[in-house]
Amino acid sequence: MSLPKLLSFHLIILLSAFTGAANGYYHSTLNECIYSSSDHSDMVYIQGYYYNKFMDIQFNSTLGEFVGFTEYGVRTAESWNKDTAYMQQVREEVNRVCKYNAELLDSAVRDKTEKPNIKVSSVKESDGKHPAVLMCSAYRFYPQKIKVTWLKNNVPETTDVTSTEEMPNGDWYYQIHSHLEYTPKSGEKISCMVEHASSTQPMIVDWNPAIKESERNKIAIGASALVLGIIIAAAGLIYYKKKSAGRILVPH
Ligand SMILES: *[C@@H]1O[C@H](CO)[C@@H](O)[C@H](O)[C@H]1NC(C)=O
């Protein structure tokens, strides 16, 4: 994997003279690569030199030279602009660093998506008096922006819905949980719809109230045993039929 390229710039006095716990003098340099087009044709490289938040000197790749904003800044900019070797290097940064790194970052970060794992589960069952609570969880998705909607018979439900923020896992994935309070009605279909950059279609997971998760395993084991039993019974029957048919054909 290619790694980003670093900028090269003039090192002028990096001073931070503290006069107290909260006060100090700061010199800072801000390098920016600004673009919005996907082909990077509008890429601009800005290099700003600041002293106590006030901009002294700025290089703008569209302009192609340094501009000073204080007396000291104007003098410094003039002298840097005369340094042809250095100016050639700075003017090239928009290609060498900005466009090069943008290409890496676009594919590695901007255009990167990871589909969520979606699960609908029961948090609380209805006891007749209180409504039931369902939870729709989306795990391990990227990027952060996501939309979780509850559907009742395919119609979006907005009341009695509470949702967490997208929570970072700390491994660049996110998770989110949305709760729905509802009073179960027979024949009503409840679904969770998730819209995310990783899928052009909304992802819909239906809630199956008849089968609870713990029962699903028991049903699966039961069904497997039943199928196995039928196979053995059928094999036995075929074997028995063949044997008895063979016996009839044998003349006494
Ligand atoms: C850079 O210079 C161009 C042309 O003068 C200007 O349009 C643009 O706003 C400048 N960008 C910044 C961030 O100052």
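Note that the structure is a prediction, hence the values are computed from the model and not measured. When a ligand or atom number is given, it counts from 1 through the structure's own listing order.
- In this structure, His40 has its ring center at least 6.0 angstrom away from the ring center of Tyr100.
- Distance check for atom 11 (N) of ligand 1: a protein heavy atom is found below 4.0 Å.
- Per-residue contacts place Ile46 under 4.0 angstrom from the following atoms of ligand 1 (heavy atoms of the residue considered): 11 (N), 12 (C), 13 (C).
- Which parts of ligand 1 touch Asn60 is read off a 4.0 Å heavy-atom cut-off, strictly below it: atoms 1 (C), 2 (O), 3 (C), 8 (C), 10 (C), 11 (N), 12 (C), 14 (O).
- Taken from OG1 in Thr29 to OH in Tyr51, the straight-line distance is 13.0 Å, to the nearest 0.5 Å.
- Given atom 5 (O) of ligand 1, the protein heavy atom at minimum distance is Leu63 CD1, 4.1 Å.
- The protein reaches atom 2 (O) of ligand 1 closely, with a heavy atom under 4.0 angstrom from it.
- A donor-acceptor pair under 3.5 Å is formed between the side chain of Ser126 and the backbone N or O of His130.
- Remark: minimum distance from atom 4 (C) of ligand 1 to any protein heavy atom is reached at Thr62 CG2, 3.8 Å.
- The ring of Phe66 has its center closer than 6.0 angstrom to the ring center of Phe59.
- Of the N and O atoms on the side chains of Tyr49 and Gln47, at least one donor lies less than 3.5 Å from an acceptor on the other residue.
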